[in-house]
Every structure is written in structure tokens, then in C-alpha cells.
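Here is the structure we will look at.
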Amino acid sequence: MERTNHTVTEFILLGFTANPVMQLVLFVVFLVVYSLTVLGNTILIVLICNDSRLYTPMYFFIGNLSFLDLWLSSVYTPKILVTCISEDKSISFAGCVAQFFFSAGLDYSECYLLAAMAYDRYMAISKPLLYAQAMSFKLCAFLVTASYLGGFVNSSIITRKTFSFDFCHDNVIDDFFCDLLPLVKLACGRKEGYQALMYFLLTSNVITPIALILASYLIIIATILRIRSTQGRLKAFSTCSSHLVSVTLYYGSILYIYSRPRSSYSLDKDKIVSTFYTVMFPMLNPMIYSLRNKDVKEALNKLFK
């Protein structure tokens, strides 16, 4: 453990297991997942950019979500793959700061982007006649830009506060990446104000977008219930079902980790849940938005033909 004036200069990532055989198995699993993530999201972005039928606000948001997922997965997975097959489990202090900053910024940005997508579905279903005019390219670009800006501004705040602590107790992180809770556990000094900051960021980046999504879907459900035909209801619901699945999986895993009482923390369980929304979720998103999507399937067939 290297120290300079009692300050840690690098961290050790314990990962999932110390068993060499299991590490090799995990390397293969994560390599396959990462390959599928890159392939799936890249294909979806190419389809949306190349097919004029997908030049709509909904696919504009889906394309940006795929870009976010590509970036998010690349923040974590390459380092995980290295630690699985290498005896060197260390990450430099600067590398840990960078990983923490980008992971927090991208996670927060995705929270806002999913809320923007819920607003898009609200306009499409509740006000179909005004949809094309209301959801202009300028508004869509503004919502995406605001999502990134809000995410990375909040990431800057939490990163600066987290790494202002002295990590003088230990430099071993019982996780596969530089995450918030393991880092706070290693920090020494006064942490009273930090807890309040965490609750503020949880509220602004997670609870507020969830509230906006719930409000949008309450109006969407009320609108769907007013549709007389069963076929019309199913068609209206199918336009937002993929987004609803995506929101449930993503926010469910985040809330499980960061909104529980401190007494119920379990690093082993948190590792599994963290793996889902950092590594698995970016792979699942292209499947969620394309498997039951007729337009994407037709665009895919056209691309390969």
C-alpha cells in the first residue's frame, strides 16, 4: 500500500472472487456481455442514423440512450476484464477519480434521459395531434443536452466531495469499480455533511426523475383507458412498454443500493446489483427496444439486404 503523507495514491479492487478458475469464468462472461453490448448498441445507433423511417423523437432518444450505454459500459468493463486475468488489481488514484466521475455522470444523465423519454411517450399518446409540432428537434436536442449537463454537474459535485476526504484507513475497495459506498467506507474525517449531500443528489437525480416518469404514466394510463377498442389500447400501450421495462429495471437496481438504511448494506449483494445496472443493463437495452419493434426489425432487414 503506497502512501504519501498518509494519503492513498492507489486503490486495490478486490473484484468478485480470488479463485483463479472463477476469475477466468467471469472474464469470459464479461467479455461476451461487453461484446454484445458494443455490437447491439452500435447496430441500433447505425440503424437510427441511416433509416429515414426512424427519424422521429422516440428513436432520437433511443439512439442517445444507446450512446450512453456504450460509454457507460466502457467505463467499467475493460477494467473488470483486466482485473480478472491480471495479478495486479490496482487502480491509480487519478484513475479511480476518473472512473467515479464518468460513471456518476453517465448514471445521472441516464436518469434524466429516461424521464425525457417518458415525457415523449406522454406527448405521443395523450396529445397525438400536437406531437409532431410539440416534440420538435430543437426541444429534443435541448432535453438530451440538459440530461448530460445535469448529470455531469451533479457528478462534479459528488466527485469533488468524495475525493476531498483522506483515505487513511486502507486502500482496498471491496468491489469491482470505484463506487460511492465502498469509497466512503474507506474515508476518514467528518462525514456528517456528506450524508446530507447524498440524500440531496439521490432526490435530484433519482427521485425527481421518477416522480416525473410516474406523473407521465398516470396521464398515459388515463388516456389509454379512455380508448374504446381493445386493439387501440394494446397499440397505445405497446408504444411505451419497452420504456416502462427499461425504467423499472434501471431505477429498481439503483434504488435498491442507494436508498436503503445503512444498517442493511451488504457489499456482496450490492456487487451483484451493481453489475446489473452497470454491465448487464447496457446489453439489455438494445434488445428491449428492438425485439418487439417492427420499425427496427424492418430497418435491420433493410441494412443487411
Side-chain angles (χ1 to χ4, degrees), residues 44 47-48 51 53-66 68-69 107-144 146-147 150 202-256 258-259 276-277 280-282 284-300:
L44 196 53
L47 291 177
I48 292 170
D51 198 305
R53 291 172 298 179
L54 304 182
Y55 291 175
T56 65
M58 181 179 74
Y59 292 109
F60 177 75
F61 288 121
I62 292 175
N64 278 279
L65 183 65
S66 290
L68 264 178
D69 286 336
D107 281 330
Y108 295 157
S109 298
E110 190 149 336
C111 288
Y112 291 126
L113 185 60
L114 289 171
M117 293 172 72
Y119 176 75
D120 171 69
R121 293 300 82 206
Y122 152 72
M123 291 298 300
I125 295 175
S126 300
K127 300 181 179 180
L129 298 179
L130 300 175
Y131 177 67
Q133 182 180 358
M135 296 302 296
S136 63
F137 176 77
K138 186 180 292 186
L139 176 60
C140 293
F142 169 78
L143 290 174
V144 171
S147 297
L202 180 67
T203 301
S204 61
N205 295 299
V206 180
I207 305 301
T208 300
I210 286 178
L212 295 174
I213 291 171
L214 288 176
S216 298
Y217 272 102
L218 285 175
I219 300 173
I220 288 172
I221 292 172
T223 303
I224 292 176
L225 291 177
R226 288 198 295 268
I227 299 175
R228 294 182 178 180
S229 67
T230 303
Q231 186 177 1
R233 290 180 181 178
L234 292 175
K235 185 178 180 180
F237 180 75
S238 66
T239 63
C240 58
S241 59
S242 297
H243 177 257
L244 194 57
V245 171
S246 182
V247 166
T248 303
L249 294 175
Y250 187 73
Y251 280 106
S253 57
I254 290 179
L255 287 174
Y256 174 82
Y258 294 107
S259 64
F276 180 80
Y277 80 84
M280 299 298 296
F281 185 76
L284 294 175
N285 256 342
M287 301 179 187
I288 293 172
Y289 287 102
S290 62
L291 287 179
R292 296 179 57 192
N293 193 305
K294 181 181 177 181
D295 293 333
V296 174
K297 289 180 180 178
E298 290 177 355
L300 189 62

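Quick caveat, the model's predicted, so the values are computed rather than measured.
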task = To the nearest 0.5 Å, tell me how far D120 CG sits from Y131 OH.
result = 3.5 Å
key: Considering all heavy atoms, the nearest S204-P209 contact   = O-CD, 3.6 Å
request  = Evaluate the side-chain proximity of I288 to N285: yes if any heavy-atom separation is below 4.5 Å, no if none is.
outcome  = yes
Donor-acceptor contact present, side-chain Y250 to main-chain D107, <3.5 Å = yes
query = Between I125 and T223, what is the shortest heavy-atom contact and its length?
reply = O-CG2, 3.5 Å
ask   = Are more than 12 heavy atoms from other residues, nucleotides or ligands located less than 6.0 Å from atom CZ of F142?
value = no
key: Nearest heavy atoms of I213 and A115, plus distance in Å   = CG1-CA, 3.7 Å
task = Please test I224 against I221 for side-chain contact (heavy atoms from CB on, under 4.5 Å), starting from the C-alpha separation and ending with a verdict.
result = CA-CA 5 Å; I224 292 176; I221 292 172; 5.7 Å; no
request  = Decide yes or no for L212 and Y119: does some side-chain heavy atom of the first lie under 4.5 Å from some side-chain heavy atom of the second?
outcome  = no
Straight-line distance of H243 NE2 to M117 CE, nearest 0.5 Å = 5.0 Å
ask   = So, Y289 side chain and Y59 main chain: donor-acceptor pair closer than 3.5 Å or not?
value = no
note = d(I220 CD1, L214 CG) to nearest 0.5 Å is 11.0 Å
remark   = d(I48 CD1, S66 OG) to nearest 0.5 Å is 5.5 Å
task = Indicate the atoms forming the closest heavy-atom contact of S216 with Y122, along with that distance.
result = CB-CB, 4.1 Å
message = Looking at F60, is its backbone amide N or carbonyl O close enough to the side chain of N64 to form a donor-acceptor pair, meaning the two atoms are under 3.5 Å apart?
response = yes
request  = Report yes if the side chains of E110 and D69 come closer than 4.5 Å at any heavy-atom pair, otherwise no.
outcome  = yes
inquiry  = Can you give me the closest heavy-atom contact between Y251 and C111, atom names plus distance?
reply    = OH-O, 2.7 Å
ask   = What distance separates M123 CE from L139 CG, expressed to the nearest 0.5 Å?
value = 8.5 Å
note = Correct closest heavy-atom pair for Y217 and A118 would be CE1-CB, 4.3 Å
remark   = dist L284:CG -> S246:OG (nearest 0.5 Å) comes out at 9.0 Å
